[in-house]
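Could you have a look at this structure, given as structure tokens, before my questions?
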2 protein chains.
Amino acid sequence: MAELTGDELVRVLATLASPHRMRVLAALSTGRHYVSALARDLGISRALLQVHLKKLERAGLVSAELELSEDGKAMKYYQVNAFALQLTPQSVAAAAKTLTNDAADGPDRGAQQNGDS
Amino acid sequence: MAELTGDELVRVLATLASPHRMRVLAALSTGRHYVSALARDLGISRALLQVHLKKLERAGLVSAELELSEDGKAMKYYQVNAFALQLTPQSVAAAAKTLTNDAADGPDRGAQQNGDS
DNA sequence: AGCACCTGCCAATAATCATTTGCGGGTAGC
DNA sequence: GCTACCCGCAAATGATTATTGGCAGGTGCT
């Protein structure tokens with residue numbers, strides 16, 4: 001994941017630019033955790049955490065696996081995906097040239113139609 | 001500008017995570033420009049550009065100088081400030097630990113640095 | 001059965017942001 | 001005076017987002 005398109009970069013940065021998500025990432029950087037435990041740990045509701053995890057996942061920053069605990073419960077374990085982004089005026093300028101969205105600005109909804117499963 | 005606090009990082013990332021701002025940065029990376037020209041160049045209104053420039057400036061990504069053109073007009077020239085951010089799970093996790101805002105998430109409103117009590 | 005724990009999703013509300021439009025001021029030149 | 005260019009700001013609107021709370025399903029234990 002060396003070169004990201006402008007749109008992807010926007011998504012990653014927007015995803016990272018959030019205290020909650022930063023904390024989630026920090027928590028996960030110490031190892032995998034399952035949703036409920038993580039929510040308790042961070043002191044936020046599960047619903048809220050889910051949303052943030054989903055965004056982090058969509059940005060490709062974390063990934064998850066659904067596993068069955070020994071006592072039969074379904075647990076979803078999340079973990080951070082390694083990444084390294086170098087941000088400089090040049091890298092940003094380069095990414096800007098690949099932006100597709102030429103009008104909207106906000107957190108872009110993005111993406112052109114993609115089935116995105 | 002090696003180490004940024006979590007809050008500062010959030011601000012920088014949030015500022016960078018915008019197509020408009022990315023383009024502005026790209027445009028400025030080729031040299032200084034004054035507001036009106038830049039607006040025409042990017043095809044956006046001056047008012048809008050001002051807002052984005054202000055955010056970029058607040059995040060420390062660009063700086064400006066008001067100069068007098070030979071024909072007496074006041075022109076505000078903007079230029080990019082050099083910066084280099086390395087984003088990795090570790091750097092983000094480290095920044096997360098310095099976050100002051102422990103509840104809010106969205107685009108930060110500015111830290112309520114508790115004046116203590 | 002009832003309780004405790006896990007997961008996922010949706011509707012509603014509050015809070016925030018992005019963008020437009022209009023106005024104010026200033027200098028130079030026809 | 002009027003027009004063209006520069007700058008800045010603020011109120012209003014529309015569009016998104018963040019967050020909550022409730023409800024759904026599942027397993028295992030007492």
Side-chain angles (χ1 to χ4, degrees), chain A residues 10-11 13-24 32-59 64-78 99 101-111 117, chain B residues 10-11 13-24 32-59 64-78 99 101-112:
Chain A
V10 167
R11 166 165 288 176
L13 294 180
T15 301
L16 248 22
S18 153
H20 275 167
R21 269 163 252 147
M22 269 191 169
R23 289 203 202 86
V24 170
R32 15 189 294 155
H33 293 274
Y34 60 92
V35 186
S36 289
L38 195 51
R40 277 186 236 111
D41 227 64
L42 298 171
I44 62 179
S45 70
R46 248 182 33 254
L48 180 55
L49 177 58
Q50 301 249 40
V51 176
H52 288 307
L53 282 174
K54 214 157 279 182
K55 279 190 179 171
L56 284 165
E57 189 170 21
R58 223 146 80 148
E65 293 148 16
L66 187 61
E67 292 179 19
L68 277 256
S69 66
E70 304 175 1
D71 46 325
K73 296 179 181 168
M75 328 272 282
K76 190 158 192 181
Y77 281 91
Y78 274 89
L99 287 171
N101 198 3
D102 51 286
D105 176 284
D108 85 302
R109 191 65 273 92
S117 80
Chain B
V10 168
R11 166 164 286 175
L13 294 180
T15 301
L16 249 22
S18 153
H20 275 167
R21 268 163 253 147
M22 268 190 169
R23 290 203 200 84
V24 170
R32 13 189 295 154
H33 293 273
Y34 61 91
V35 186
S36 289
L38 196 51
R40 276 184 237 113
D41 227 64
L42 297 172
I44 62 178
S45 71
R46 249 189 25 260
L48 179 56
L49 177 58
Q50 301 248 41
V51 176
H52 289 308
L53 282 173
K54 213 157 278 184
K55 278 189 180 172
L56 284 166
E57 188 170 22
R58 230 154 67 157
E65 292 148 17
L66 187 63
E67 291 178 19
L68 277 256
S69 67
E70 304 175 1
D71 45 326
K73 295 180 182 168
M75 326 273 281
K76 190 159 192 182
Y77 282 92
Y78 274 90
L99 287 170
N101 198 3
D102 52 285
D105 175 280
D108 78 310
R109 197 355 17 37
Q112 312 267 327

Rounded off to whole Å, could you give me the CZ-to-C1' distance for the B:Arg21 and C:dT19 pair?
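Value for this atom pair: 12 Å.
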
Gap between atoms CG and C1', on A:Leu48 and C:dT13 respectively (whole Å)
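It is 15 Å, rounded to the nearest whole Å.
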
Rounding to an integer number of Å, can you tell me how far A:His52 NE2 sits from C:dG8 P?
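Rounded to the whole Å, the gap is 16 Å.
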
In whole angstrom, what separates A:Glu65's CD from C:dC6's P?
18 Å

Under the salt bridge (charged side-chain N to carboxylate O under 4.0 Å, His left out) test, which residues partner B:Glu65, sequence neighbours left out?
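Per chain and number, B:Glu65 pairs via salt bridge (charged side-chain N to carboxylate O under 4.0 Å, His left out) with B:Arg32.
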
If you compare all heavy atoms of A:Ala59 against all heavy atoms of A:Thr15, which two are closest, and at what distance to 0.1 Å?
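Shortest heavy-atom separation between A:Ala59 and A:Thr15 comes out as CB-OG1, 3.5 Å.
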
Applying side chain to side chain contact (heavy atoms under 4.5 Å, CB included), name anything that partners B:Lys54, two or more places apart in sequence or on another chain.
none

Select from A:Asp71 and A:Ser45 the residue whose nearest nucleotide in DNA chain D is closer to the 5' end of that strand.
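Whichever sits nearer the 5' end wins; that is A:Ser45.
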
To the nearest Å, give me how far apart CD1 (B:Ile44) and C1' (C:dT21) are.
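From B:Ile44 CD1 to C:dT21 C1': 16 Å.
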
Can you sort out the partners of B:Arg46 under salt bridge (charged side-chain N to carboxylate O under 4.0 Å, His left out), two or more places apart, ordered by chain and number?
none

Pairing residues for A:Ser69 by the side-chain hydrogen bond (donor to acceptor under 3.5 Å, both in side chains) criterion, not counting sequence neighbours
A:Asp71

Under the salt bridge (charged side-chain N to carboxylate O under 4.0 Å, His left out) rule, collect the residues that match up with A:Arg40, sequence neighbours excluded.
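For A:Arg40, no residue satisfies salt bridge (charged side-chain N to carboxylate O under 4.0 Å, His left out) once neighbours in sequence are set aside.
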
Output the rounded distance in Å from CG (A:Leu68) to P (D:dG25).
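In whole Å, D:dG25 P lies 20 Å from A:Leu68 CG.
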
Between the protein and nucleotides 6-15 of chain D, which nitrogen or oxygen pairs come in under 3.5 angstrom?
from: D:dC6; atom 1: OP1; to: B:Tyr34; atom 2: OH; distance (Å): 3.1
from: D:dC6; atom 1: OP1; to: B:Arg40; atom 2: NH2; distance (Å): 2.2
from: D:dC6; atom 1: OP2; to: B:Arg40; atom 2: NH2; distance (Å): 2.8
from: D:dC7; atom 1: OP1; to: B:Val35; atom 2: N; distance (Å): 3.3
from: D:dC7; atom 1: OP2; to: B:Ser36; atom 2: N; distance (Å): 3.1
from: D:dC7; atom 1: OP2; to: B:Ser36; atom 2: OG; distance (Å): 2.2
from: D:dC7; atom 1: N4; to: B:Arg46; atom 2: NH2; distance (Å): 3.1
from: D:dG8; atom 1: OP1; to: B:Lys76; atom 2: NZ; distance (Å): 3.0
from: D:dG8; atom 1: OP2; to: B:Gln50; atom 2: OE1; distance (Å): 2.8
from: D:dG8; atom 1: OP2; to: B:Gln50; atom 2: NE2; distance (Å): 3.4
from: D:dG8; atom 1: N7; to: B:Arg46; atom 2: NH2; distance (Å): 3.4
from: D:dG8; atom 1: O6; to: B:Arg46; atom 2: NH2; distance (Å): 3.1
from: D:dC9; atom 1: OP2; to: B:Lys54; atom 2: NZ; distance (Å): 2.4

Atom NE2 of A:His33 to atom C1' of C:dT7: distance rounded to whole Å?
18 Å

